[in-house]
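No experiment lies behind these values; they were computed from the predicted model shown. Below, read A as the first sequence line, B as the second, and so on, with proteins coming before strands; counting in each chain starts at 1.
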Amino acid sequence: MADIHNETDTYDPAAVEAKWQRRWIERGTNTVSLERAERPFVNLMMYPYPSAEGLHVGNVFAFIGSDIHGRYRRLRGYDVFEPIGFDAFGIHSENYALQVNTHPAELIPRNIARFREQLRRIGLMVNWEHELSTTDPAYYKWTQWIFLQLYEAGLAVKKAAPVNWCPQCMTVLANEQVINGFCERHPDTTVSQRVLEQWFFTITQFAQRLLDNLDTLDWSDSTRTAQINWIGRSEGAELVFETPVGEPIRVFTTRPDTVFGATYVLLAPEHPLVDRLTAAEQQAEVNAYRRRATRMDVVARRIGSAEKTGVFIGAYASNPATGQMVPIWIADYVLMEYGTGAIMAVPAHDERDYEFATQFDLPIVRVIEPENEETLPYTGWDGSLVNSGRFDAMSCRDAVGAITKWLEEKRLGKEEVQYRLHDWCISRQRYWGPPIPIIYCDDCGEVPVPEADLPVILPPLDDFRPDASGVSPLARNEEWYRVPCPRCGKTARRETDVSDTFLDSAWYYLRYPSTDFDDRPFDAELTRKWLPVDSYIGGNEHAVLHLMYARFITMALHDLGHLPFEEPFTRFRAHGTIVKDGAKMSKSRGNVVVPDAYIARWGADTFRMYLMFLGPYQEGGDFRDTGISGIRRFLERVWGIVSETDGTGGAEPAVRKLHQTIRKVTVDVEGLRYNTAIAAMMEYVNLLRSDEGGQVTRDLTEPLVLLLSPFAPHFAEECWERLGHHESVFDACWPDFDEQLAREAEIEIVVQVNGKVRSRLTVRPGISEEEAIRLAKADESVRKFVNGKEIRKEIWVPDRLVNLVV
RNA sequence: GCCCGGGUGGUGGAAUCGGUAUACACAAGGGACUUAAAAUCCCUUGGGGGCAACCCCAUGCGGGUUCGAAUCCCGCCCCGGGCACCA
């Protein structure tokens, strides 16, 4: 044991951490050979957006939890590739650049440098050789390439669409970026509606596959549920209401069983049939209503008035079931984006229709007789039909199919499935993003930029401020804007929209292994070897958008023959959020905590462990400063134990506890239950230090250092070296446990009388029921409660309890 | 309004195939060491009663199922996050 340092020096985290960060670089500890690796494992974490403020505690919480998992896998013998990059395009960077009056191209590298430093400082096992930034032309060349692939496949289409316009950003927002009618980034600014030509990816074509594939993925349930709800499949029927102008109104309904009660029809104000159907005398009123509706944004245009509004357009349509002519109204709560933009209103059995009908005095016809409920509207399924001709007395469920079939025979309806999912609008009338690689020629029309001409470089404009015109700042740069048509050579114009940052992040995981290649986005062989991603850990705030878009892009590239798989992330786990004072950390709330000062004071290892000890990783927790000293004390105790280590073997209680601890930590780390894994290690250390612990030996400390290493990597390296090892602790193996050694020699079983604990017996494990009950009955404090009463029942849970019912 | 989490000591949290509630840690109090303080170490710490052995009560609230409920069921309340008339 001559090589063990029996040093009594104290633990100095700053020195230890600096030493090992230097060593990791010198030795290439965190570099994995992508070509030679035998057991490839990609440990992905959600790359950050490099803001000027640097990483906050919420960010590092996410990275640390993922890093622990990566390090654990490495100790399990995998060749772990843990890459990181920067999501540096987008409205955030651009707005900030405008605010401080500095070009984003200048700001971003500065921010990235700071982020890189912070990420290094917390000791992530990152392969820096494969770092990427979405703003790098070598990266966005391939973002543009992906656009072209989808374009050629007909999955990128241009449509005139009503979009959300933020007058503050002076640009378009995605529906998903509008919060209660206000801009996500300007909570005081109302979003209004504008019609612009936009590029869309037709993700809706993949809706069913995106839904079906969820069954095959090992994802957190919460994330899977969020995706299911977002896709929003609903089954029903499309029914046809004939109109006098020849073209019928098609409505989607999930309740075709109630069609006999449809007493009017509602169209979205933008519905194309409105112009043709509106009676002359109603025209003025209809126009006024439509103008008012478009002043508001698409999603939340009714914020502020809970009351229903609408206008009769002076025309009638025929109810396909009754043949009766029913009035046609327009109402802004009917959305053009969903279904057919038209609904049949059944006021007796729908809340909103009921409210609307009551307000405008429209007829209400009951068609369901519920079993016991009398008040209208009745929206349930338990009842039978009335006022529905030949379908009277049929149950609602049966009537759905029967009525749909009947109308189908009359060519007035068919079964239909609708999805809530919208097509993905990727156009942004902004500057700071990858230009969409399309050229408009007066003769040839829309021409894709030839692949050889990629990337379309974002020109370094001085004035990149959006203006009220709604045209991208890029259009003001003539030199860039005018370009020869790739087909005919005549002067043509570039597309001036840039693409959504969600497109950058929809494929970044594909790029990591292939960052060295300039001539292809992702190398076929490396991709086959390393991808799809083995483990992805990230926040549930990206449960729908980012993860859905990444799945869609992967699926599309698969269909186009570029990828051998169609799902990008085999396993996904959502972590919780770190909150401060009961609320999510955000700049506007002023409750952002920056990790730097804590790391400087306590060290990265203590800080890492402390964050993981706050609460369950998958639920997050409340950040407080109190308690961090407990972790530091724990590490110092381990430090002391390592110093005292001598000899082999170990006292029986210590060995037993060791094997129990290995078992517990292994299971907990697998399940991302880091808080309880840490608690288990603390218990073990407490035992080693107690009278029962005996002499600390190499056999008792080495496994502890290994268990600790994913959590406190620098600290573990130092201890490992002090224990006489010359290789990195991360080149060692995760310890195994022995069930036999973990077994207790004696266990305590509880004796209850009528379910109340009355005594505890110390017995050997595996004791028989008869013997346990005999011992229980003989116990004095038990006898006090049984006391001559008749024992009616004896309950035996092996190795746990006896319950006597008297 | 809908969906998803969650509510357990002074605090963060453990324990959920129903079976010893309060692991681990912080804070607090007491003690040892010290001229003193810090650090460290040891002890106490859910509430109530009792000299004590022990007993009673307690997991947001109210019911229920069960030999036994923090855990399952029904009905509420509160907190956090997400979505917003989805036909």
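- Across A15(B), A87(B), U20(B), the shortest atom-to-atom separation from the side chain of Thr676(A) is found for A15(B).
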Listing time: all N or O pairs from protein to nucleotides 50-52 of chain B that are below 3.5 Å?
none

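- A cation-pi contact, defined as under 6.0 Å to the ring centre and within 45° of the axis, links Lys308(A) to Tyr333(A).
- For Asn675(A), counting side-chain heavy atoms from C-beta on, the closest listed nucleotide (A14(B), G19(B), C86(B)) is A14(B).
- In this structure, Asn686(A) reaches the sugar-phosphate backbone alone: every heavy-atom distance under 4.0 Å involves primed, P, OP1 or OP2 atoms, never a base.
- Distances were taken from every side-chain heavy atom of Arg760(A) (C-beta onward) to each of C83(B), A14(B), U20(B); the shortest belongs to U20(B).
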Check: protein-nucleotides 67-71 of chain B nitrogen or oxygen pairs below 3.5 Å:
| residue | atom | partner | partner atom | Å |
| --- | --- | --- | --- | --- |
| C67(B) | OP1 | Lys793(A) | NZ | 3.4 |
| C67(B) | O2 | Asn803(A) | ND2 | 2.2 |

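- Of the charged side-chain nitrogens involved, none lies within less than 4.0 Å of a carboxylate oxygen, so that Arg774(A) and Glu770(A) do not count as a salt-bridged pair.
- Considering only the side chain of Lys784(A), C54(B) comes nearest among A87(B), A14(B), C54(B).
- Across the protein-nucleic acid pair, Met612(A) atom CE and A25(B) atom C1' stand 16 Å apart, rounded to whole Å.
- Within the 4.0 Å cut-off from OP1 or OP2 of C86(B), at least one side-chain nitrogen or oxygen of Arg352(A) is found.
- The two atoms that bring Pro327(A) and Leu362(A) nearest to each other are CG-CD2, 4.0 Å, heavy atoms only.
- Nearest to the side chain of Lys756(A), among U20(B), C56(B), A14(B), sits C56(B).
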Walk along nucleotides 40-45 of chain B from 5' to 3' and tag each nucleotide B, S or - by protein heavy-atom contact under 4.0 Å, base first, then sugar-phosphate. SS----
Every protein N/O within reach of nucleotides 3-11 of chain B N/O, cut-off under 3.5 Å:
| residue | atom | partner | partner atom | Å |
| --- | --- | --- | --- | --- |
| C3(B) | O2' | Asn229(A) | ND2 | 3.1 |

Name each donor-acceptor pair under 3.5 Å that joins a side chain in residues 790-801 of chain A to protein atoms two or more places apart or in another chain, with its distance.
| residue | atom | partner | partner atom | Å |
| --- | --- | --- | --- | --- |
| Glu794(A) | OE2 | Lys777(A) | NZ | 2.6 |
| Asp799(A) | OD1 | Gly766(A) | N | 2.9 |
| Asp799(A) | OD2 | Gly766(A) | N | 3.4 |

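- Annotated as syn: G9(B), whose O4'-C1'-N torsion sits within 90° of 0.
- Pairs of Watson-Crick or G-U wobble type, with distances under 3.5 Å, assemble into runs of 3 or more in RNA chain B at these ranges: B:1-7 with B:77-83, B:10-12 with B:24-26, B:28-32 with B:40-44, B:46-49 with B:54-57, B:60-64 with B:72-76.
- For Glu683(A), the side-chain atoms get nearest to C24(B) when compared with the rest of G13(B), C24(B), C86(B).
- Taken from CE in Met609(A) to CG in Asn675(A), the straight-line distance is 11.5 Å, to the nearest 0.5 Å.
- The CG atom of Leu266(A) sits 15 Å away from the P atom of A87(B) (whole-angstrom rounding).
- Taking the side chain of Ala679(A) as heavy atoms from C-beta on, and the options C24(B), A87(B), G13(B), the nearest nucleotide is C24(B).
- The Arg800(A) side chain lies nearest to U20(B) when the options are C24(B), U20(B), A87(B).
- Geometrically, Arg608(A) does not engage Trp602(A) in a cation-pi contact, judged by NZ or CZ lying under 6.0 Å from the ring centre and within 45° of the ring axis.
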